[in-house]
Structures are given as C-alpha cells and as structure tokens.
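First comes the structure, then the notes that go with it.
This is a predicted model, so every value here is computed, not measured.
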Amino acid sequence: MELDPGVPAMLCLGYDTALEIMRRPETFSKDPRHWRARNEGVLPEGSYAPHIIRPRPQVDFVDGEEHRRLRGAIEDTTGRIDSAALRNYVERIADSLIDQFCEAGEAELIGTYCALVPIMVSSQLFGCPQEIMDQLLRGVASFIDGSDPSGGDRTSGAALRELIDLKRREPGADITSWLIAHPARLTDEELIEQLLLLIGMVTGVVPGLIGNSLRVLLTDERFSGELMGGSMLVEDALDEVLWTDPPVANMGLYFPVHDTNLAGKRLRAGDAVMISFAATNRDALLRSPHKQGNRAHLAFGAGPHACPGRSSARLIASVALEKLLDRIPDLALAGEIEELKWLSGIFVRGVITLPVRFAPVARPGGRLTSAPPARPGEPDQRQDLPAGRPAAAHPADLAAVRHRRGLRGRGPDGAGAGAGAAGGGPAEAAVVPARLPEPVAAGPLSAPREVP
C-alpha cells in the first residue's frame, strides 16, 4: 500500500500479527526516526505523509523512557477526571444541542450533534476558551485534510501556546493545568504535543464513534429493533461498531528497529508497517463472531501505546447516544443509506452527513441550562430550578431511563486500548463549525489535588 503517492508501507491485516507488533516495542518502534525512507531522503517532495509522520515529542511517536515519562504524565492527569462530573456535563451539552432541533422534526446530526458534543466537552476538559478552540480546530482541519499541513501545524501550535500561557496565569481544574503542574515538568513543546494528541482524539475520533454508531442504529434492523425494544445495551452497540466499523480504520504505524520476519514476510529495518484496525478486527471475527460484551477489539490499539483516554471517549459517546435516543426515540434516517457522504482518506472512516427525521418533540419547559453541576462534596442545586425537567440527569435518573429502555448495566470502563489523532479527507472540514454554540455553564471536573 501507499500512505501517499510514492510513500510505500506494509499493511497489517491479521489480528494476531497486529498484537505481535504492538506488544513488541523492543522490535517494532513508533519513533519515525527509524523510518528508512525518510532517513534516505527518498520521499517525494510535497508529500503529505512526512508532515503527519515526523519525529516529535509526542507520546505516540516515542519509545522507552521518553514514552514512559510522557505516558505517565498523561495517565496521571486524565485519571483525575471525575467520571460522574464528566457524565453530568455531557448530558447538559447534549440537552442544550438537542433543544436546538428537537421541535423541527428533522436534523443533520453530524454537524449539529455528533461533532459538537465532543468539541464542547473538550472546551471543558481542557479549560479552553471558545476563541482558542476555534483557532485550534481551524489549524487541525488544515493539518488533517492536507490543504496546508505546515500552516495548520503553526496555527494549532499557536493556539495551544496561548492556552498554556493562559493556564499558567489562571490554573483551573482541567487537563491543561494538571499537565502543566505535573512533576514530569513537561517542556512547552511537549505540552503542545500531548494536548494536540488528546484534543485531537476527543474532537476527531469521538465524533466518528458517535456518528458511526448512530448510522448503524438507524440502518441495521438487528440493532435498531433490539435497542429500541430495550434488549441491547448502548455499550454493546458501541462494541459492535468498534469491532466492525471503528472510526480510526488505519492508524498504527510502526518501524522495525532491525531486520526481522513477520507473518512469513521479511522486513528490513525502518520499513513502514501500517496496522489496519478495521481489517484486523474482521480477521478476529472470522474465528469468533461473538461481539456483544467482547472488548478485545483493536479499535483503540493495544500494548504500550494503547489509547490512555479510551474510557472517557466511550463515556462521552455512550452518554451522547443515550441522551439522544431518550429525548427523540423515533429517529429515522431521512433518505437512502447510499446517499450518505463519507470521509475520504485512509485513516478515519465515518459519515459526514446523517440526515434524520422524527416526530417533533417540544423543548422541556423551565430548563435552567446556566445552573452549574454540583462539585464533589457540595449540595445539588437542582432543587432551586423552576418546575420542569431538571437541568441535568443524575445517575439515579439515568438508571431509571436505562430500566425503561433496557439500557441497564455497564459503564464505559473496560474498553480496548489506543489510537492517536484522527485523519481524514478534505470533506472533514465541513463538520467544523465557524463558531461554536455558547457553552453551558459547568463546574470543574475534579477538585484540585497534588499528583503523587
């Protein structure tokens, strides 16, 4: 295969072979400094691939002690996220977005919901003001779609430097502030790279997970019938999508550090080996088709480079799906499935349009969307709200919803393991809004504490 015209790579399609690659860092490196074609200067001028795959101090592009140091900082900071507070915030965002189209009887869900939920969540998770997030998304879009990789890199880097400067002056209970204060003492360049990876995962991968899941739920009678009838968990539906239609189809790029044999093929040191998560999952299903409750898929990778944010990603996607299906239970695809438009490119697979129709639903009266969620240890403020639907559903409310809809059971933990930033084609920029909706007010995701 070719990553770009004139940029060859081996494509891994076997599940067991993929696991061998990802679990043998002493033989297969993620560091592009091992890339023989790059080191020999034979990559075509103007190629898109070297702008994406280049040496950089990012956890997904380094190995050994450098990787352990960066990975430890990321895991410590993301581990401080209060999952209950995150769920509460996602619910509030979802409600505020659904309110914008629920009375219309029709909507285009990618641009108005699937993409916006993760973007607005990212603003809260990373303590990122809207104007900085707008600039960052413009840079990421130019970088990913290949229209201006260098310019996109500069734009997103400038936005993240502005965010880091802001959080040094005004630290808060957010990932950016925690990462800055971590004992690993990351440099500004390292901070930019880790934030770019993490924000890219939430804003680039999670929209695809939500959109792909909704597409399946709306077009596969097996899923829609069981889900609406209440016998299938949303989490099991997500597992099905992660097995059969992962948002990151091809991403894991590795380089053998010395000549080696792999699945009967001879690889030279520095050959590029791309893992197809979509193909390797399907290879596993040929031997064992059981997917419900099975999270051995490779949609989030595996091994030392497994995605550190997989639990939060699943939580965001599952809550977004639960909330939408609860608020508008009779969603139906508007048009034929063949008419849906898809992302181009080899990295990310997902629809960029998802038009739906439904019976109009009145906005709940009296919702006070500006009331912040309670912080740990503080009393719930919902009793002060006017009569009507509460500002945000608490776990007890969600349990009742799950019971009515048959959505009992597991939370988001126990996912597979890690993909990096997303990729895609030029059409991907279409789902990035010029301006984000005004965010709902929210409290911090965790009480500040010292990292041991």
* Between Arg92 and Asp95, is a side chain to side chain contact (heavy atoms under 4.5 Å, CB included) present by the stated rule, with each step listed? -> CA-CA 5 Å; Arg92 293 169 62 82; Asp95 271 327; 5.8 Å; no
* Structure fact -> So the salt bridge (charged side-chain N to carboxylate O under 4.0 Å, His left out) pairs with at least one residue in residues 1-19 (sequence neighbours excluded) are Asp16-Arg287
* Asked: Do the side chains of Leu116 and Ile93 get nearer than 4.5 Å, heavy atoms only?
  -> no
* To do: Verify, without hydrogens or angle tests, whether Thr77 (side chain) and Ile74 (backbone) share a donor-acceptor contact under 3.5 angstrom.
  => yes
* Going by heavy atoms in the side chains, are Thr112 and Leu97 under 4.5 Å from each other? -> no
* To do: Spell out, as yes or no, whether a donor-acceptor pair under 3.5 Å connects the side chain of Ser312 to the backbone of Gly309.
  => no
* Sequence neighbours left out, what passes salt bridge (Lys or Arg N to Asp or Glu O under 4.0 Å) with Arg54? Give chain and number order. => Asp153
* Of all the heavy-atom pairs spanning Glu103 and Pro360, show the shortest one and how long it is. => O-CB, 3.5 Å
* Asked: Is a donor on one side and an acceptor on the other found under 3.5 Å between the side chain of Arg357 and the backbone of Leu333?
  -> yes
* **Non-neighbouring partners of Pro129 that pass side chain to side chain contact (heavy atoms under 4.5 Å, CB included), sequence neighbours left out** => Glu131, Ile132, Leu163, Leu166
* Ile119 and Leu137, any side-chain heavy atoms less than 4.5 Å apart -> yes
* To do: Measure from the side-chain N and O atoms of Asp76 to the backbone N and O of His182, and report whether any donor-acceptor pair falls under 3.5 Å.
  => no
* List the atom of Val117, the atom of Ala320, and the distance in Å for their closest heavy-atom pair. => CG1-CB, 4.3 Å
* To do: Identify the two heavy atoms, one from Tyr89 and one from Gln124, that lie closest to each other, and give their separation to 0.1 Å.
  => CE2-CB, 3.2 Å
* Please answer whether the main-chain N or O of Glu189 pairs with a side-chain N or O of Glu193 as donor and acceptor at a distance below 3.5 Å. => no
* Structure fact -> Scanning both residues in full, the closest heavy-atom pair of Met22 with Tyr254 reads CG-OH, 3.3 Å
* **Spatial distance of atom CG (Leu160) from atom CD1 (Ile192) [nearest 0.5 Å]** => 6.0 Å
* Contacts of Glu336 that satisfy side chain to side chain contact (heavy atoms under 4.5 Å, CB included) - sequence neighbours left out -> Glu338, Glu339
* **Closest contact, heavy atoms only, Thr280 versus Cys12** => CG2-O, 3.8 Å
* Contacts of Glu75 that satisfy salt bridge (Lys or Arg N to Asp or Glu O under 4.0 Å) - sequence neighbours left out -> Arg71
* Structure fact -> One should read off an interatomic distance between Ile110 CD1 and Lys341 NZ, to the nearest 0.5 angstrom, of 13.0 Å
* How would you list all residue pairs meeting salt bridge (charged side-chain N to carboxylate O under 4.0 Å, His left out) that involve residues 204-215, not counting sequence neighbours? -> Arg215-Asp245
* Going through the checks in order, is the side chain to side chain contact (heavy atoms under 4.5 Å, CB included) test met by Leu324 and Leu214? -> CA-CA 10 Å; Leu324 182 62; Leu214 281 173; 3.8 Å; yes
* To do: List for me each residue that meets salt bridge (Lys or Arg N to Asp or Glu O under 4.0 Å) alongside Glu108, sequence neighbours excluded, and say none if there are none.
  => none
* Parallel, tilted or perpendicular: which fits the ring planes of His305 and His67, with parallel below 30° and perpendicular above 60°? -> tilted
* Hey, could you give me each pair passing salt bridge (charged side-chain N to carboxylate O under 4.0 Å, His left out) that has a residue in residues 111-128? Not counting sequence neighbours. => none
* Structure fact -> Gln135 meets the side-chain hydrogen bond (donor to acceptor under 3.5 Å, both in side chains) criterion, sequence neighbours left out, with none
* Asked: Can you tell me how far the CZ atom of Phe28 sits from the CG atom of Leu253, to the nearest 0.5 Å?
  -> 12.0 Å
* Asked: With sequence neighbours left out, what residues match Ser177 under side-chain hydrogen bond (donor to acceptor under 3.5 Å, both in side chains)?
  -> Asp174
* Asked: For Asn250, what residues pass the side-chain hydrogen bond (donor to acceptor under 3.5 Å, both in side chains) criterion, not counting sequence neighbours?
  -> Ser276
* Answer whether the closest heavy-atom distance between the side chains of Met274 and Met10 falls below 4.5 Å. => no
* Examine distances only and state if a side-chain atom of Arg310 and a backbone atom of Cys307 form a donor-acceptor pair shorter than 3.5 Å. => yes
* Output all residues satisfying side chain to side chain contact (heavy atoms under 4.5 Å, CB included) with Pro118, sequence neighbours left out; order by chain, then residue number. => Val202, Val206, Pro207, Ile210
* Asked: Run the side chain to side chain contact (heavy atoms under 4.5 Å, CB included) check on Met133 and Ser122 step by step: do they pass?
  -> CA-CA 9 Å; Met133 182 61 75; Ser122 291; 3.8 Å; yes
* To do: Would you indicate whether the side-chain heavy atoms of Thr244 and Glu240 approach each other to under 4.5 Å?
  => yes
* Within-4.5 Å side-chain heavy-atom neighbours: Lys30 and Asp60 -> yes
* Determine, step by step, whether Leu196 and Ser156 satisfy the side chain to side chain contact (heavy atoms under 4.5 Å, CB included) criterion, reporting the C-alpha distance in whole Å, the side-chain angles of both residues, the deciding distance to 0.1 Å, and the verdict. => CA-CA 8 Å; Leu196 184 61; Ser156 58; 4.3 Å; yes
* Gap separating the CG atom of Leu186 from the CD1 atom of Ile180, nearest 0.5 angstrom -> 10.0 Å
* Would you check if the side chain of Tyr15 reaches a backbone N or O of Phe277 as a donor-acceptor pair within less than 3.5 Å? => no
* Could you tell me the separation between the CZ atom of Phe126 and the CD1 atom of Ile164, rounded to the nearest 0.5 Å? => 12.0 Å
* Enter the distance from Arg161:CZ to Leu195:CG here, rounded to the nearest 0.5 Å. => 12.0 Å
* Leu298 versus Leu19: any side-chain heavy-atom pair under 4.5 Å? -> yes
* Minimum side-chain heavy-atom gap Ile81-Ile175 below 4.5 Å -> yes
* Quick one: do Glu322 and Arg327 make a salt bridge, cutoff under 4.0 Å? -> no
* Taking every non-hydrogen atom, the tightest pair across Asn212 and Gly350 -> OD1-CA, 3.3 Å
* Asked: When you check the gap from the basic side-chain N to the acidic O, do Lys323 and Glu91 get nearer than 4.0 Å?
  -> no
